[in-house]
Peer 1: 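Got a structure for you, written out below as structure tokens; questions coming shortly.
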Amino acid sequence: MEYNLALEVPFNLQYTLESGQVFRWERSGDWWVGDVTHGAVKVMQEGEWLRCVASSERVGSSFVRNYFRLDDDLDAVLSTLMKDERMTVAAQRFYGMRLVRQDQWECLASFLLATNANIPRIKKMVSALCSRFGEPFEFEGAVHHSFPSPEALASRSVNEFEECGLGYRAAFIKRVAAAVRDLKIDLLEIASLPYKEAHELLLSELRGEKVLLGVGPKVADCFLLYSCGKDEAFPIDVWIGKAVAGWYPRLFPPRLRRKLLGEGGSKMSGGDYETASEAMRSRFGKYAGYAQQYIYAAARAQPG
DNA sequence: TAGCAGGAAAATC
DNA sequence: GATTTTCCTGCT
């Protein structure tokens with residue numbers, strides 16, 4: 001199934017797919033091939049148009065429009081963020097980059113795997129999980145796989161996940177899959193809550209035990225931002241921490257600033273994370289998550 | 001609450 | 001080829 005989608009809004013496919021939000025897109029010449037919720041889709045940007053080839057009608061233009069959040073008024077968002085020179089430069093340099101709206105379970109599971117790993121490794125782990133436990137389907141002569149459901153993963157052994165190269169993450173993924181399957185945490189309900197309540201609930205405990213073992217504040221924020229549309233979420237990873245401490249030294253107490261910069265060996269505590277994230281939220285407001293995405297892109301393009 | 005373990009691949013030297 | 005770093009969280 002082929003279709004062309006008239007953009008009529010600022011959008012940059014490459015910036016968006018290379019912004020570290022997604023792990024199941026591969027470049028193939030001018031095309032990008034992505035495995036998404038209900039199939040696979042091949043996309044190429046030609047100026048104001050997106051050329052698309054989809055594995056089924058479920059990955060049609062309304063899906064793509066929703067996935068790339070083309071209804072967001074990007075100019076309006078960016079105009080609220082361009083409060084300083086560096087942010088303005090980043091917004092212009094990566095103009096057209098958008099937050100995506102990906103599948104909730106895939107997003108949570110993917111970022112659960114992202115601890116102590118770099119992007120190529122995360123992709124490798126996600127890909128291993130999909131090819132072993134996902135449902136196979138054919139697209140343009142190649143075998144693709146769906147992202148395995150919570151049920152499918154919860155029924156597997158920790159050992160099988162270790163064989164996928166997950167290491168210590170193997171136990172986390174099994175437990176979190178079971179918790180989601182059993183609705184210990186209802187992802188749809190999370191999405192319906194205001195940011196702060198949703199963030200808190202994701203980190204909550206039941207009888208003194210984390211419901212989502214392995215999900216800390218950073219993973220929770222990635223999940224909320226990339227799959228729930230909670231645009232206030234401001235995930236802080238190593239790159240972002242260093243960037244914001246350098247860009248906005250005044251926003252943080254000196255101790256916290258040093259931790260963000262990774263100086264002196266002392267690590268951030270959970271409280272430090274919330275303080276730093278909240279500081280960015282109070283600077284950039286309800287689109288802080290978009291600011292984070294542009295800072296991330298700028299920081300990775302120009303380390304230091 | 002601070003410090004450390006975890007785990008393997010990529011990036012860097 | 002060895003060492004350092006890597007989109008962090010849990011445990012003590």
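Reminder, nothing fancy here: chain letters follow the sequence lines and each chain counts from 1. Since the model is a prediction, treat every value here as computed from it, not as a measurement.
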Peer 1: Distance check needed: B:dT1 P versus A:Arg255 CZ, whole Å only.
Peer 2: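 About 11 Å, once rounded to whole Å.
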Peer 1: Are a donor atom and an acceptor atom from the side chains of A:Tyr195 and A:Asp231 found within less than 3.5 Å of each other?
Peer 2: no
Peer 1: Tell me what A:Ile119 touches on the nucleic acid: a base, only sugar-phosphate, or nothing, going by heavy atoms under 4.0 Å.
Peer 2: base
Peer 1: Between A:Tyr226 and A:Phe111, is the ring centre distance below 6.0 Å?
Peer 2: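 Centroid distance A:Tyr226-A:Phe111: below 6.0 Å, so yes.
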Peer 1: NA contact type, A:Ser110, heavy-atom cut-off 4.0 Å: base, sugar-phosphate, or nothing?
Peer 2: nothing
Peer 1: Between C:dG10 atom C1' and A:Leu203 atom CG, what is the distance in whole Å?
Peer 2: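 In whole Å, C:dG10 C1' and A:Leu203 CG are 13 Å from each other.
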Peer 1: Under 4.0 Å between any heavy atoms, over every strand shown, what does A:Gln293 touch: base, sugar-phosphate, or nothing? Just pick one.
Peer 2: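 Nothing, no heavy atom under 4.0 Å.
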Peer 1: Is A:Arg121 side chain donor-acceptor paired with the B:dA8 base, going by distance under 3.5 Å alone?
Peer 2: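 Donor-acceptor pair under 3.5 Å: yes.
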Peer 1: Figure out the CD1/P separation between A:Ile122 and B:dG7, and round it to whole Å.
Peer 2: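 Interatomic distance, CD1 of A:Ile122 to P of B:dG7: 18 Å.
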Peer 1: Please determine if a side-chain N or O atom of A:Lys124 lies less than 4.0 Å away from the OP1 or OP2 oxygen of B:dA10.
Peer 2: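 Indeed, a polar side-chain atom of A:Lys124 lies that close.
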Peer 1: Give me the distance, rounded to whole Å, that separates B:dC13 from C:dC7 when you measure between the P atoms they each carry.
Peer 2: 15 Å
Peer 1: To the nearest Å, how far apart are A:Asn118 CG and C:dT3 C1'?
Peer 2: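 Those two atoms, CG and C1', are 15 Å apart.
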Peer 1: Considering just the side-chain nitrogens and oxygens of A:Arg300, establish if one lies under 4.0 Å of OP1 or OP2 belonging to C:dC7.
Peer 2: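 Yes, A:Arg300 has a side-chain N/O under 4.0 Å of OP1/OP2 on C:dC7.
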Peer 1: Look at all strands and tell whether A:Pro235 reaches a base, only sugar-phosphate, or nothing, counting heavy atoms closer than 4.0 Å.
Peer 2: nothing
Peer 1: CZ of A:Phe172 versus C1' of B:dA5: gap in Å, rounded?
Peer 2: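 In whole Å, B:dA5 C1' and A:Phe172 CZ are 11 Å from each other.
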Peer 1: How close or far is atom P of B:dA8 from atom OH of A:Tyr168, stated in whole angstroms?
Peer 2: 11 Å
Peer 1: Please tell me which of the listed nucleotides, C:dC8, C:dC7, B:dA10, lies nearest to the side chain of A:Pro120?
Peer 2: B:dA10
Peer 1: Which heavy atom of A:Val244 sits nearest a heavy atom of A:Met280, and at what distance?
Peer 2: CG1-CE, 3.7 Å
Peer 1: Name the residue closer to the 5' end of DNA chain C, choosing between A:Ser19 and A:Leu213 according to the nucleotide with the nearest heavy atom.
Peer 2: A:Ser19
Peer 1: What is the distance, rounded to the nearest whole Å, between atom CZ of A:Phe161 and atom C1' of B:dA8?
Peer 2: 18 Å
Peer 1: Can you tell which of C:dC7, C:dT9, B:dG7 lies closest to the side chain of A:Trp239?
Peer 2: C:dC7
Peer 1: State whether the side chain of A:Tyr3 and the backbone N or O of A:Gly60 hold a donor-acceptor pair below 3.5 Å, judged by distance alone.
Peer 2: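 Confirmed, A:Tyr3 side chain pairs with A:Gly60 backbone.
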Peer 1: Keeping A:Ser227 on the side-chain end and A:Phe223 on the backbone end, is there a donor-acceptor pair under 3.5 Å?
Peer 2: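 Flag set: sc A:Ser227 to bb A:Phe223 pair under 3.5 Å.
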Peer 1: What is the distance from CZ of A:Phe111 to C1' of C:dT6, rounded to the nearest Å?
Peer 2: 15 Å
Peer 1: Taking the minimum atom-to-atom distance to the side chain of A:Asn116, which one of C:dT6, B:dG6, C:dT9 wins?
Peer 2: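 Nearest to the side-chain atoms of A:Asn116, counting from C-beta on, is B:dG6.
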Peer 1: Distance check, P atoms only: B:dT12 and C:dC8, in whole angstrom units.
Peer 2: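 One P to the other, the span is 16 Å.
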Peer 1: Could you tell me which nucleotide pairs with C:dC7 by Watson-Crick or G-U wobble geometry, both distances under 3.5 Å, or answer none if nothing does?
Peer 2: none
Peer 1: Quote, to the nearest angstrom, the P distance that separates B:dG7 from C:dT12.
Peer 2: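 Between the two P atoms, the distance is 15 Å.
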Peer 1: Report the nucleotide, chosen from C:dG10, C:dC7, C:dC8, that has the shortest atom-to-atom distance to any side-chain atom of A:Val219.
Peer 2: C:dC8
Peer 1: Counting just side-chain N and O atoms, does A:Lys218 come under 4.0 Å of either OP1 or OP2 of C:dT9?
Peer 2: no
Peer 1: Could you walk me through whether A:Phe161 and A:Phe133 pass ring pair (Phe, Tyr, Trp, His ring centres under 6.0 Å), step by step?
Peer 2: CA-CA 10 Å; A:Phe161 296 133; A:Phe133 309 124; 5.6 Å; yes
Peer 1: In Watson-Crick or G-U wobble terms, both distances under 3.5 Å, what is the partner of B:dG7?
Peer 2: none
